[in-house]
Protein chains: 2
Amino acid sequence: MNTFSEENYLKAIFRLSQMPAVSKISTSAIAESLGNNPASVVDMIRKLTDKQLIEYDKKKGVKLTAQGEKDAIQIIRKHRLWEVFLLEKLEYRWDEIHDIAEELEHIKHTDLADRLDKFLGFPEYDPHGDPIPKANGKMAKSFSASLADGKTGSTYRVAAVRDTSSAFLQYLHKLKISIGTQIRLIEQIAFDQSLVISIDNGEPTTVSSKFVENILIS
Amino acid sequence: MNTFSEENYLKAIFRLSQMPAVSKISTSAIAESLGNNPASVVDMIRKLTDKQLIEYDKKKGVKLTAQGEKDAIQIIRKHRLWEVFLLEKLEYRWDEIHDIAEELEHIKHTDLADRLDKFLGFPEYDPHGDPIPKANGKMAKSFSASLADGKTGSTYRVAAVRDTSSAFLQYLHKLKISIGTQIRLIEQIAFDQSLVISIDNGEPTTVSSKFVENILIS
DNA sequence: TAATAAAATTAGTTTTGTCTAATTTTATTA
DNA sequence: TAATAAAATTAGACAAAACTAATTTTATTA
Ligand SMILES: [Mn+2]
Ligand SMILES: [Mn+2]
Ligand SMILES: [Mn+2]
Ligand SMILES: [Mn+2]
């Protein structure tokens with residue numbers, strides 16, 4: 001059985017392994033991802049290597065073993081299922097659920113994920129648009145196309161969000177954007193790449209390029 | 001904010017303070033209750049005293065402060081609400097829920113208990129018959145009359161269980177006894193105080209005195 | 001290539017919560 | 001009361017997970 005901390009490292013490593021831009025999972029990348037000191041990461045790399053959950057090669061960086069990936073996916077499964085529970089059953093807001101799920105994901109008991117899954121009606125996606133791994137570890141591909149790469153004049157459907165910080169989610173809430181919202185790209189401002197968009201055919205609104213980068217479309 | 005460990009100590013101390021047989025909450029009583037070494041308890045007594053959650057007097061033993069009791073009750077509230085959730089919503093068995101709730105009770109977030117309470121329809125008692133504290137900390141009195149003190153020939157309603165171990169609960173399950181079951185005391189065997197009982201007017205069954213001591217009646 | 005910068009690692013420290021073994025204090029009993 | 005037993009405490013150790021500061025290794029760039 002893995003500790004909370006080991007689980008958080010596995011999850012962070014898995015997340016990095018899913019990012020196409022990251023070719024090598026380095027000590028410093030893990031440290032940054034978790035907000036920890038690189039020296040602490042070195043210790044944990046040793047520990048997880050001993051437990052055969054990762055492999056570490058100075059050249060190639062960190063890689064999850066089959067077992068490590070399996071463990072990571074089960075934590076992600078629980079995280080996303082709990083998020084659905086918190087939003088749909090306990091009526092928490094979009095921007096509140098992630099942090100609570102961060103704690104709930106570590107609760108260990110045979111069947112817990114499966115029972116929760118059944119209770120929630122086997123949801124496919126979590127409230128941020130991320131796919132929920134199935135009991136067997138199979139997981140649909142995450143949405144990766146960003147609204148930032150959309151064409152001016154076209155309309156897109158919000159499928160997921162890249163950033164799950166409450167600052168971003170609260171901003172989305174304020175703009176009345178959620179999963180399923182239609183966004184039309186009206187114009188890009190040459191000066192700073194900010195964009196004029198229309199939300200569900202509403203009045204034009206200007207948002208930053210950083211903002212649209214964090215919106216994923218289907 | 002208190003750590004998991006501090007919370008478990010507060011809960012143990014609260015539980016001891018509710019036991020009429022316990023006149024003084026001693027280091028060793030806490031140690032036994034938690035399965036820890038007395039030396040560890042001494043350390044934690046110091047820590048909780050510094051945090052003003054308990055008061056310790058060599059003569060009178062340990063006492064929760066107002067704040068300590070408040071904190072303890074909130075953990076018990078969460079524990080019992082989660083137990084209801086696990087049984088009613090996730091369909092866990094009676095004997096499985098306690099251990100999972102032991103972990104869930106430590107999840108901290110404003111509102112979590114209140115939202116769960118609302119979602120569950122404001123239950124009064126947990127699946128073991130223990131009263132669930134209200135948001136304001138008010139709590140109905142626990143059932144304390146034991147079936148062991150019943151009169152031969154009389155019939156009693158099972159209101160709660162004193163022991164919540166899975167061994168005991170599985171045995172109850174096997175005997176088809178749960179909260180609300182009617183039990184008639186037929187005869188006490190002089191030799192070893194074992195009792196012949198009838199469960200919901202069924203065939204006579206013999207159980208030990210230890211067994212009936214752990215059944216609470218209303 | 002040599003100088004510099006960045007990344008990784010080592011060494012040592014801290015906090016939390018536990019332990020064992022030894023000792024001291026308190027209570028019980030002959 | 002004196003001897004003994006039980007309870008509480010102290011002292012010191014350990015594991016987990018983090019840290020800082022110093023050093024070494026690797027990569028980049030003049
Ligand atoms: Mn999340
Ligand atoms: Mn987490
Ligand atoms: Mn319980
Ligand atoms: Mn607990």
Side-chain angles (χ1 to χ4, degrees), chain A residues 1-13 16-17 19 21-64 68 71-72 75 102-103 105-108, chain B residues 1-14 16-17 19 21-63 68 71-72 75 102-103 105-108:
Chain A
M1 204 71 308
N2 307 317
T3 64
F4 278 32
S5 200
E6 289 166 346
E7 291 190 343
N8 284 336
Y9 273 88
L10 290 177
K11 225 176 37 146
I13 293 164
L16 289 168
S17 77
M19 294 176 27
V22 177
S23 59
K24 175 190 149 176
I25 301 175
S26 62
T27 301
S28 50
I30 298 169
E32 189 182 2
S33 163
L34 288 166
N36 282 352
N37 190 291
S40 312
V41 176
V42 170
D43 288 343
M44 188 55 93
I45 284 176
R46 214 158 274 151
K47 213 176 146 200
L48 294 175
T49 303
D50 288 350
K51 292 184 81 171
Q52 306 195 52
L53 297 170
I54 62 172
E55 276 169 9
Y56 183 50
D57 179 288
K58 209 158 232 169
K59 289 278 164 63
K60 296 190 217 156
V62 171
K63 261 206 162 59
L64 291 169
D71 289 0
I75 306 157
E102 206 55 49
E103 296 188 53
E105 71 189 3
H106 302 290
I107 305 287
K108 290 167 197 72
Chain B
M1 204 71 305
N2 307 317
T3 64
F4 279 31
S5 201
E6 288 167 345
E7 290 190 342
N8 284 336
Y9 273 88
L10 290 177
K11 226 176 36 144
I13 294 164
F14 182 83
L16 289 167
S17 77
M19 296 179 22
V22 178
S23 59
K24 174 189 148 177
I25 301 175
S26 62
T27 301
S28 49
I30 297 169
E32 189 182 359
S33 164
L34 288 166
N36 282 352
N37 191 289
S40 312
V41 177
V42 171
D43 287 344
M44 189 55 93
I45 284 175
R46 216 156 272 151
K47 212 175 148 200
L48 294 175
T49 303
D50 288 349
K51 291 184 81 171
Q52 307 196 54
L53 296 170
I54 62 172
E55 276 169 10
Y56 183 50
D57 178 288
K58 209 158 231 168
K59 288 279 164 65
K60 298 190 216 157
V62 171
K63 262 207 162 57
D71 289 359
I75 305 157
E102 207 55 48
E103 296 187 55
E105 71 189 3
H106 302 292
I107 304 285
K108 291 168 195 71

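The chains referred to below are lettered A, B, ... by the order of the sequence lines, with proteins before strands, and numbering in each begins at 1. These numbers come from the heavy atoms of this one structure, side chains and all, not from hydrogens, waters or symmetry mates.
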Write down the distance between [atom1] ([X]) and [atom2] ([N]), rounded to a whole number of angstrom.
X	N	atom1	atom2	value
Lys51(B)	dT16(C)	NZ	C1'	11 Å
Leu48(B)	dT18(C)	CG	P	11 Å
Arg46(B)	dT9(D)	CZ	P	7 Å
Ile45(A)	dA18(D)	CD1	P	13 Å
Asn2(A)	dA16(D)	CG	P	13 Å
Glu7(B)	dT16(C)	CD	P	15 Å
Glu32(A)	dA8(C)	CD	C1'	15 Å
Asp43(A)	dT15(C)	CG	P	18 Å

Mind listing the closest non-hydrogen atom pair of Lys108(A) and Met1(A) along with its distance? CD-SD, 3.3 Å
Test applied, side chain to side chain contact (heavy atoms under 4.5 Å, CB included); reference residue, Tyr56(A); option that passes from Leu48(A), Val42(A), Ile45(A): Ile45(A)
Let me check something: any side-chain donor-acceptor pairs from residues 25-39 of chain B under 3.5 Å, sequence neighbours excluded? List them with distances.
from     : atom 1 : to       : atom 2 : distance (Å)
Ser26(B) : OG     : Ser28(B) : OG     : 3.3
Ser26(B) : OG     : Ala29(B) : N      : 3.1
Ser33(B) : OG     : Arg15(B) : NH2    : 3.4
Asn36(B) : ND2    : Tyr9(B)  : OH     : 3.0
Asn37(B) : OD1    : Ala39(B) : N      : 2.8

Would you kindly compare Lys59(A) and Glu6(A) by the position of their nearest DNA chain D nucleotide and give the one closer to the 5′ end?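 This one resolves to Glu6(A).
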Give the nucleotide from the list [options] with an atom nearest to the side chain of [X].
X	options	answer
Ser5(B)	dT10(D), dA18(D), dT18(C)	dT18(C)
Pro38(B)	dT9(D), dA18(D), dT18(C)	dT9(D)
Ala39(B)	dC19(D), dT20(C), dA8(D)	dT20(C)
Thr27(B)	dA21(D), dT20(C), dA8(D)	dA8(D)
Asn37(A)	dT9(C), dT9(D), dT20(D)	dT20(D)
Tyr56(B)	dA7(C), dC19(D), dA8(D)	dA8(D)
Thr3(A)	dT26(C), dA16(D), dC19(C)	dA16(D)
Met44(B)	dT20(D), dT18(C), dA8(C)	dT18(C)

Tell me, with the steps shown, if Glu102(B) and Asn8(B) meet side-chain contact (heavy atoms from CB on, under 4.5 Å). CA-CA 9 Å; Glu102(B) 207 55 48; Asn8(B) 284 336; 3.8 Å; yes
Are there over 12 heavy-atom neighbours, none belonging to Lys63(B), within less than 6.0 Å of that residue's NZ? no
Within the structure provided, determine whether Glu6(A) and Lys11(A) are in side-chain contact (heavy-atom separation under 4.5 Å).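 They are not in contact (no side-chain heavy atoms under 4.5 Å apart), so the answer is no.
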Just by distance, with hydrogens left out, do Asn2(B) and Lys51(B) show a side-chain donor and acceptor under 3.5 Å apart?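 Their side chains do contain a donor-acceptor pair, which is all the 3.5 Å distance test asks for.
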Secondary-structure string, 5' to 3', Watson-Crick or G-U under 3.5 Å, | for another-strand partners, for DNA chain C: ||||||||||||||||||||||||||||||
Pairwise 5' ranking along DNA chain C for Lys58(B) and Asn36(B), keeping only the more 5' one: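 The residue closer to the strand's 5' end, by nearest nucleotide, is Asn36(B).
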Phosphate contact (dC19(C) OP1 or OP2) by Ser40(B) side-chain N/O below 4.0 Å: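 So the side-chain polar atoms of Ser40(B) do come within 4.0 Å of the phosphate oxygens OP1 or OP2 of dC19(C), strictly under.
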Is any side-chain nitrogen or oxygen of Tyr9(B) closer than 4.0 Å to OP1 or OP2 of dT16(C)?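 No, no such contact exists.
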Hey, can you tell me if His106(A) and Phe4(A) have their rings parallel, tilted or perpendicular (30° and 60° cut-offs)?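 It falls in the parallel class, under 30°.
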